[in-house]
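Computed from a predicted structure; not experimentally measured. Chain A is the first sequence line, chain B the second, and so forth, proteins listed ahead of strands; every chain is numbered from 1.
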2 protein chains.
Amino acid sequence: MKTERQQEIIDVALMLINEKGIQGLTMKNLSREIGISEPAIYRHFENKIQILLAILDLFRESTREIFEKELHSGISATEKIEHLFTRHFERFANNPSLVSVIFSEELFRGEPLLMQKIAEVIDKNASILTQIIQQGQQNGEIRDDISADHLAVTVMGSLRLFVKIWQFSGYRFSIKEDGGKLLTSVKILIQKN
Amino acid sequence: MKTERQQEIIDVALMLINEKGIQGLTMKNLSREIGISEPAIYRHFENKIQILLAILDLFRESTREIFEKELHSGISATEKIEHLFTRHFERFANNPSLVSVIFSEELFRGEPLLMQKIAEVIDKNASILTQIIQQGQQNGEIRDDISADHLAVTVMGSLRLFVKIWQFSGYRFSIKEDGGKLLTSVKILIQKN
DNA sequence: ACAAAGTTAGTTTATATTCACTAACTTGCA
DNA sequence: TGCAAGTTAGTGAATATAAACTAACTTTGT
């Protein structure tokens with residue numbers, strides 16, 4: 001599906017976004033970092049938007065995997081949320097560049113194709129998380145004095161802000177370790193009793 | 001301090017950021033929207049960064065007001081958090097453009113002056129919220145089985161994500177009304193017992 | 001030998017900023 | 001009081017830089 005060079009372009013593009021933000025992803029920087037000329041990149045991608053779309057696809061696929069596998073497994077809702085957190089933390093720890101993508105909604109405004117793809121991912125994830133919580137409420141694991149929607153906003157909001165703080169710190173603390181602690185707190189917050 | 005024209009430039013700049021994102025804030029768009037020539041803007045601001053700094057200052061001041069007034073008032077911690085939420089919602093309802101600024105960290109990367117100002121605001125707010133929560137824990141209003149830090153991440157994370165959802169919806173629901181409901185849920189989550 | 005992947009040298013478009021100049025005012029003082 | 005001098009806010013034209021992308025040629029590996 002994807003050639004080696006295409007993969008390399010995507011990897012380096014992600015790195016650039018991570019280091020300097022979307023403004024840092026220029027064809028010039030990209031080619032310099034890879035070690036080929038600018039036009040050479042056009043042998044592998046039609047244009048810059050296709051590169052960004054490929055990045056978003058990558059992101060969507062790895063996110064979809066995390067979310068959908070959880071939804072249909074036989075474990076408890078609490079465990080599902082636990083897995084959701086830890087898998088995300090693992091993913092970000094292995095590939096911090098993805099964090100920039102997760103917060104990139106603002107950056108893609110004006111590019112309908114990119115915005116649409118971002119919106120898709122966000123909607124899908126939100127609805128799956130809400131489903132998981134509802135299910136947990138039905139079988140008595142998760143408190144039902146608060147609506148599943150609100151709990152989902154809280155859970156997802158905590159996760160997002162925590163990741164953002166990690167990014168802002170320059171990745172100075174261990175997202176897996178400290179994230180695990182936050183997860184414990186979130187579990188206590190949403191559990192029944 | 002600020003002339004009428006400077007205020008107008010700031011207002012229009014905010015509007016542009018809100019409508020088309022930061023990419024939409026060009027000197028050309030700005031001048032067209034105001035109805036003067038591009039160079040005329042330079043009679044009022046040294047350069048574009050100074051305009052953005054002025055916007056961030058505005059944002060910082062109105063945020064500082066909200067946070068600091070709460071901290072030193074005599075009301076309970078829960079009420080303080082309540083005020084914090086509702087004041088924010090009011091502010092955003094009156095001036096949706098500010099929402100774009102609150103999520104603009106990613107866009108200002110590469111401009112040290114802007115990044116620094118953003119970081120300042122975020123740090124300050126986080127520390128004040130944590131203080132408020134600690135105080136609530138000490139006088140038994142707020143649960144103390146979870147650290148103030150984690151509760152702060154949850155409260156702030158929920159608020160942020162909710163505002164983001166509102167923005168994404170195209171401001172289609174009432175942030176004051178629905179935000180009030182979310183607030184009720186958050187209060188239940190963090191209260192003692 | 002030929003197609004894929006590369007290069008050099010451009011083009012076009014956009015953007016922030018500067019330049020030289022002007023019309024309309026305000027101010028200081030003979 | 002009246003006018004010379006200065007200030008303010010504007011203009012159109014030009015400049016510098018950077019971006020994405022293209023045309024035409026060359027190299028390289030099977």
Q: Assign each of A:Arg43 and B:Arg43 to its nearest nucleotide of DNA chain D by heavy atoms, then name whichever residue's nucleotide is nearer the 5' end.
A: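 The answer here is B:Arg43.
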
Contacts of [X] that satisfy ring-ring contact (aromatic ring centres under 6.0 Å, His included) - sequence neighbours left out:
X: A:Phe45; answer: none
X: B:Phe168; answer: none
X: A:Phe85; answer: A:Phe89

Q. What are the bounds, 5' to 3', of the part of DNA chain C that sits under 4.0 Å from heavy atoms of chain B?
A.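 Terminal contacting nucleotides, 5' to 3': C:dT15 to C:dC21.
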
For residues 27-34 of chain B, tabulate all N or O donor-acceptor pairs below 3.5 Å that involve a side-chain atom, not counting sequence neighbours.
from    : atom 1 : to      : atom 2 : distance (Å)
B:Asn29 : OD1    : B:Arg32 : NH2    : 3.1
B:Asn29 : ND2    : B:Gly24 : O      : 2.8
B:Asn29 : ND2    : B:Thr26 : OG1    : 3.4
B:Ser31 : OG     : B:Met27 : O      : 3.0
B:Ser31 : OG     : B:Lys28 : O      : 2.9

**Q.** Those residues that, when tested against B:Glu61, pass salt bridge (Lys or Arg N to Asp or Glu O under 4.0 Å) (two or more places apart)
**A.**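 So B:Glu61 forms a salt bridge (Lys or Arg N to Asp or Glu O under 4.0 Å) with B:Arg64.
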
Q: Tell me which residues in residues 11-37 of chain A put a heavy atom below 4.0 Å from DNA chain D, sorted by number, or none.
A: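 When residues 11-37 of chain A is checked for heavy atoms under 4.0 Å from DNA chain D, the hits, listed by number, are A:Leu25, A:Thr26, A:Met27.
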
Q: Just grab all the side-chain hydrogen bond (donor to acceptor under 3.5 Å, both in side chains) pairs involving residues 174-185 of chain B, residues at least two apart or on different chains.
A: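 Passing the test, one end in residues 174-185 of chain B: A:His150-B:Ser185.
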
Q: Could you list all the side-chain hydrogen bond (donor to acceptor under 3.5 Å, both in side chains) pairs where at least one residue sits in residues 114-124 of chain B, not counting sequence neighbours?
A: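 Counting only pairs at least two positions apart or across chains, the side-chain hydrogen bond (donor to acceptor under 3.5 Å, both in side chains) contacts touching residues 114-124 of chain B are B:Asp57-B:Lys117, B:Arg60-B:Glu120, B:Glu68-B:Lys124.
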
**Q.** Whole-Å distance separating the NZ atom of B:Lys48 from the C1' atom of D:dT17
**A.**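 Going from B:Lys48 (NZ) to D:dT17 (C1'), I get 14 Å.
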
Q) So, does B:Gln137 use its side chain to make a donor-acceptor pair with the main chain of B:Arg143 at under 3.5 Å? A)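 Looks like yes, one N/O pair under 3.5 Å.
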
